[in-house]
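Keep in mind the model is a prediction, meaning the values are calculated, not measured.
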Amino acid sequence: MVGRILVVDGVPTNRITIKVRLRSACYEVVMAASGQEALRIARLTHPQMVLIGGSLADMTGPALCAEFRAQPAGADLPILIEARGAERVMALRAGASALLDPGGDDLTLLARIRGLLRHEGEAFEHAPQPGLAEESAGFARDLRPSAVFVGNQPATALGWRHALQDRVGFRISVSEPERALADAAAGHAPDLYLIAADIQQSGDGLRLLSELRSRPFSRESAFVIALRPERADMIPVALDLGAGDVLPWNLAAPAAAPEAAIRLDAQLARKHEADRRRHETQRNIRLAMTDPLTGLHNRRFALPRLGELTAEAAELNRDLAVMVLDLDRFKQVNDLHGHAAGDAVLNEIAARMAASLPEDALLARIGGEEFLAILPDCPAHSALRLAEDMRRAVAMTPVRLPPGCGRDELSVTISAGLAVMAGGAPGLRRPNPDALLASADHALLAAKSSGRNRIVMAPQSVAA
């Protein structure tokens, strides 16, 4: 089973029919005949989606939707509601994720479900940054979200904009397909696209949707497709291609505009929530792999990366240099001048070392005052020169201390142990990353014991 769906309908035959449809698509189905029963079952079964039909004896579909939204875990629960007439706007205002037409076909129902479940999954994935909002002309920037409307002709899109611009919370611009693609390629993607399914030829809008969904700057935008009534068979296709919703072609009509505005605003809200979750996930990943004081990678990231780079260097017969660096007598900095001074020293020395390394090097803080530098494709003589550059960069200029540390500045030195895995030398056993790191660590101990403020190369470079 790929997902648990709670089906709520007051008519037993409706519940059974929908259950058969959903189980044929390998969904797990739980059922309820009333609103109160649905709320109770949801607390016990934790469904991934709720499908609300009609004929509930104790409350309307919109009222039940509002009840679900008020539950502790209900804010993000996908809710599909079967509604008609004035009840459609009520359902949307109550928080419905999408609407179903009474008597709709199975393909559209399943496409709606796939789209909503896909959205819930994508919100937690590690993905690229979202598209940049297009800036408005003039001196003052319009900070509202942005939308681009693409019609079968400019007059159509302008009509949509005229009908909706005073009803929605975002700014609207009109574009042609080629311009929309060019802007997306340049990094100027809106938060939302409304696209006619048929532009110059049948299905042009769906092809444009696919193109924009594949571009790095526009793939995270929200997408809505506008369909003519005779093209209703394309609704499942549009949803499966990534459209969040499908609106009727006459969305600018006075009777249709209020519902269209709410549905477009809802798509934009879903997009922003997905962005928030994605950014939070990326932030947590960065925090898990980054030292908060220096901004360098931490031990958790650096050691597995050392293993990857060691294997890569061995496979390509390239050199790999590893340095373990340590601040000399750092404990005295904290003991004599306080932890604020210690933090200032660590932060400044980390910045100086990072500036001395090439772009492809990795520098990490792996202990209190201990650092690890990994230099791909770096032979011994180059690694020794870089290590000396770092040592001099640290020793030449005192570190300025923050107020209250008892003195304005402090001279600091580092010691380093260096080990190099030499590529291309035949007949020698390939070392593992732990052995390479241990070799550099032993060289660091030798540097410390021989007077500090110096670089020591491991006695013998090892070969892959």
Inspect the contact between [Y] and [X] and indicate whether a charged nitrogen and a carboxylate oxygen are less than 4.0 angstrom apart.
| X | Y | value |
| --- | --- | --- |
| Arg283 | Glu280 | yes |
| Arg228 | Asp198 | no |
| Glu273 | Arg270 | no |

Check: [Y] and [X] side chains under 4.5 Å, non-hydrogen atoms:
| X | Y | answer |
| --- | --- | --- |
| Ile81 | Glu87 | no |
| Leu303 | Leu372 | yes |
| Tyr27 | Val7 | no |
| Asp204 | Pro177 | no |
| Ile195 | Leu206 | no |
| Leu117 | Gln48 | yes |
| Arg365 | Leu346 | yes |
| Arg207 | Ser210 | no |

- Task: Could you label the plane-to-plane angle of the Tyr193 and Phe223 rings as parallel, tilted or perpendicular, counting under 30° as parallel and over 60° as perpendicular?
- Result: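 Rings of Tyr193 and Phe223: parallel, under 30°.
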Could you list the donor-acceptor pairs under 3.5 angstrom formed between side-chain atoms of residues 33-45 and any protein atom two or more places apart in sequence or on another chain?
{"from": "Ser34", "atom 1": "OG", "to": "Glu37", "atom 2": "N", "distance (Å)": "3.2"}
{"from": "Glu37", "atom 1": "OE1", "to": "Ala33", "atom 2": "N", "distance (Å)": "2.9"}
{"from": "Thr45", "atom 1": "OG1", "to": "Ile41", "atom 2": "O", "distance (Å)": "2.8"}

- Item | From CA spacing to verdict: side chain to side chain contact (heavy atoms under 4.5 Å, CB included), Met323, Met390 | CA-CA 11 Å; Met323 291 183 228; Met390 282 198 292; 3.5 Å; yes
- Item | Qualifying residues under ring-ring contact (aromatic ring centres under 6.0 Å, His included), relative to Phe68, sequence neighbours excluded | none
- Task: Could you pull out all residues at least two apart from Phe330 that satisfy ring-ring contact (aromatic ring centres under 6.0 Å, His included)?
- Result: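 If we apply the ring-ring contact (aromatic ring centres under 6.0 Å, His included) test to Phe330, skipping adjacent residues, there are no hits.
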What distance do [X] atom [atom1] and [Y] atom [atom2] have between them, rounded to the nearest 0.5 Å?
| X | Y | atom1 | atom2 | value |
| --- | --- | --- | --- | --- |
| Leu80 | Ile5 | CG | CD1 | 8.5 Å |
| Leu316 | Glu312 | CG | CD | 5.5 Å |
| Phe170 | Asp265 | CZ | CG | 5.5 Å |
| Leu363 | Ser356 | CG | OG | 9.5 Å |
| Leu208 | Leu241 | CG | CG | 11.5 Å |
| Phe217 | Asp183 | CZ | CG | 12.5 Å |

- Task: Kindly indicate, with the supporting measurements, whether the criterion side chain to side chain contact (heavy atoms under 4.5 Å, CB included) is fulfilled by Ile262 and Arg167.
- Result: CA-CA 8 Å; Ile262 295 174; Arg167 299 177 180 271; over 6 Å; no
Which atom pair, heavy atoms only, marks the closest approach of [X] to [Y]?
| X | Y | value |
| --- | --- | --- |
| Ile52 | Cys65 | CD1-N, 4.1 Å |
| Pro154 | Val174 | O-CG1, 4.4 Å |
| Gly151 | Ala157 | N-CB, 3.7 Å |
| Ser202 | Arg231 | OG-NH2, 2.9 Å |
| Leu209 | Ala243 | CD2-N, 4.0 Å |
| Met421 | Ala313 | CE-CB, 3.5 Å |

- Message: With salt bridge (charged side-chain N to carboxylate O under 4.0 Å, His left out) as the test, pick out the partner of Glu220 among Arg213, Arg215, Arg278.
- Response: Arg278
- Task: Sort out for me which residue in Asp105, Asp106, Asp245 forms a salt bridge (charged side-chain N to carboxylate O under 4.0 Å, His left out) with Arg112.
- Result: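 Of the listed residues Asp105, Asp106, Asp245, the salt bridge (charged side-chain N to carboxylate O under 4.0 Å, His left out) partner of Arg112 is Asp245.
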Is it true that, when you exclude [X] itself, more than 12 heavy atoms of the residues, nucleotides or ligands shown sit nearer than 6.0 Å to its [atom1]?
| X | atom1 | value |
| --- | --- | --- |
| His272 | NE2 | yes |
| Gln200 | CD | no |
| Glu176 | CD | no |

- Message: List the residues meeting side chain to side chain contact (heavy atoms under 4.5 Å, CB included) with His46, not counting sequence neighbours, and say none if there are none.
- Response: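 Partners of His46 under the side chain to side chain contact (heavy atoms under 4.5 Å, CB included) test: none.
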- Note on the structure: side chain to side chain contact (heavy atoms under 4.5 Å, CB included) filter on Glu370, not counting sequence neighbours, yields Val324, Asp326, Ile366, Asp441, Leu444
Does the [X] side chain pair with the main chain of [Y], one donor and one acceptor, at a distance under 3.5 Å?
| X | Y | value |
| --- | --- | --- |
| Thr17 | Thr13 | yes |
| Ser221 | Pro190 | yes |
| Asp191 | Ser146 | yes |
| Arg161 | Arg171 | no |
| Asp291 | Thr294 | yes |
| Ser218 | Leu212 | yes |

- Query: Taking it one step at a time, do Leu306 and Leu362 satisfy side chain to side chain contact (heavy atoms under 4.5 Å, CB included)?
  - Reply: CA-CA 9 Å; Leu306 173 61; Leu362 184 150; over 6 Å; no
- Query: After noting the C-alpha distance and the side-chain angles of Trp160 and Ile172, does the key distance pass the side chain to side chain contact (heavy atoms under 4.5 Å, CB included) rule?
  - Reply: CA-CA 10 Å; Trp160 293 343; Ile172 302 170; over 6 Å; no
- When Leu247 is tested against each of Glu259, Arg263, Gln267 for side chain to side chain contact (heavy atoms under 4.5 Å, CB included), which residue passes?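 Single side chain to side chain contact (heavy atoms under 4.5 Å, CB included) partner of Leu247 among Glu259, Arg263, Gln267: Arg263.
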- Query: Which residues pass the side-chain hydrogen bond (donor to acceptor under 3.5 Å, both in side chains) test with Asn14, sequence neighbours left out?
  - Reply: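 Applying side-chain hydrogen bond (donor to acceptor under 3.5 Å, both in side chains) to Asn14 gives Asp9.
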